[in-house]
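Report on the following structure.
We use all heavy atoms of the structure for the numbers below, so side chains are in, but hydrogens, waters and symmetry mates are not.
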Amino acid sequence: MSGGWKLPADKRDIFKKYSGPIVNRKDITTYRDKRVITVGDVVSLTMRKIGITPVLSIYDGFTERHKMDEFAEFVDKQKLRKKNVNNPAGIITTELSNVIKNALIAGDTDVICVEGEEDLALIPCILYAPDDTKIVYGEPGKGMAVVSANATVRSEFQTFLKMMEVFE
């Protein structure tokens with residue numbers, strides 16, 4: 001692992017304050033003409049099933065700690081352009097952050113498959129997504145949440161990132 005940021009146990013509750021509102025499927029359909037990024041297997045599959053193609057989807061093959069193959073099978077069947085990244089739980093590796101940034105700039109990646117956990121991928125998505133991009137992600141036990149990228153939200157997430165432990 002080549003560096004990154006680790007979420008200290010005592011900061012986990014603070015991260016939850018940055019969550020967006022929970023939205024239902026009907027609300028999500030209003031994003032058809034928006035730039036969308038999805039984080040999580042269920043969210044990524046749900047969006048594609050209702051006809052919304054995200055510019056980027058990030059998944060790890062699990063939902064609420066249970067194996068989920070359906071989105072991975074969809075990715076393979078559709079021959080989506082995929083990059084694989086290692087990213088342990090509670091961490092944002094520099095590699096994951098860079099792959100997200102490059103995917104959003106170059107547009108050469110449809111999906112990122114994370115070996116480990118993708119939960120904190122929301123942070124680099126917010127930091128690198130153009131304004132007005134909707135980042136839709138799973139909130140365990142609650143449903144889908146959405147955050148819109150903009151300068152204010154980006155600043156809040158940069159503040160949060162500074163609370164994390166940097167490692168080499």
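F62 shares a hydrophobic cluster with no other residue; no ILVMFWY side chain has heavy atoms under 4.5 Å from its own. Applying the 4.5 Å side-chain rule to ILVMFWY residues, one finds that I22 remains a lone member of its cluster.
Using a 4.5 Å cut-off between side-chain heavy atoms of Ile, Leu, Val, Met, Phe, Trp and Tyr, with links allowed through other members, V99 and L80 fall into different hydrophobic clusters. Both L96 and I135 are part of a single hydrophobic cluster, where members link through side-chain heavy atoms under 4.5 Å apart.
Under the side-chain contact (heavy atoms from CB on, under 4.5 Å) criterion, S155 pairs with no residue, sequence neighbours left out. Taking D27 as the reference, nothing meets the salt bridge (Lys or Arg N to Asp or Glu O under 4.0 Å) condition, with sequence neighbours excluded. A search for salt bridge (Lys or Arg N to Asp or Glu O under 4.0 Å) contacts involving K67 returns D69, not counting sequence neighbours. Qualifying salt bridge (Lys or Arg N to Asp or Glu O under 4.0 Å) partners for R154, counting only residues two or more places apart in sequence or in other chains: D131.
A distance of 5.0 Å separates NZ of K82 from CG of D76, quoted to the nearest 0.5 Å. In this structure, the separation between NZ on K83 and CD1 on I58 is 12.5 Å, given to the nearest 0.5 Å.
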Hey, can you pull the donor-acceptor pairs under 3.5 Å for the side chains in residues 110-125, sequence neighbours left out?
{"residue": "D110", "atom": "OD1", "partner": "R81", "partner atom": "NH2", "Å": "2.9"}
{"residue": "D110", "atom": "OD2", "partner": "R81", "partner atom": "N", "Å": "2.8"}
{"residue": "D110", "atom": "OD2", "partner": "R81", "partner atom": "NE", "Å": "3.2"}
{"residue": "E117", "atom": "OE1", "partner": "R65", "partner atom": "NH1", "Å": "2.8"}
{"residue": "E118", "atom": "OE2", "partner": "D60", "partner atom": "N", "Å": "3.3"}

Which donor-acceptor pairs under 3.5 Å do side chains of residues 42-56 form with protein atoms, sequence neighbours excluded?
{"residue": "S44", "atom": "OG", "partner": "T38", "partner atom": "OG1", "Å": "2.8"}
{"residue": "S44", "atom": "OG", "partner": "G40", "partner atom": "O", "Å": "2.7"}
{"residue": "T46", "atom": "OG1", "partner": "V42", "partner atom": "O", "Å": "2.7"}
{"residue": "R48", "atom": "NH2", "partner": "S57", "partner atom": "OG", "Å": "3.3"}
{"residue": "K49", "atom": "NZ", "partner": "E70", "partner atom": "OE2", "Å": "3.0"}

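Among residues at least two apart or in separate chains, there is no ring-ring contact (aromatic ring centres under 6.0 Å, His included) pair with a member in residues 78-122. Each salt bridge (Lys or Arg N to Asp or Glu O under 4.0 Å) pair with one or both residues in residues 134-147, not counting sequence neighbours, would appear here, but there are none. For residues 86-99, the set of pairs meeting the salt bridge (Lys or Arg N to Asp or Glu O under 4.0 Å) definition, not counting sequence neighbours, is empty. Residue pairs meeting the ring-ring contact (aromatic ring centres under 6.0 Å, His included) criterion with at least one member in residues 89-129, sequence neighbours excluded, do not occur.
Annotation: N84, atom CG; neighbour count of heavy atoms from other residues, nucleotides and ligands within 6.0 Å is above 12.
Between D41 and T63, the side chains place no donor N or O within less than 3.5 Å of an acceptor N or O (distance only, hydrogens not considered).
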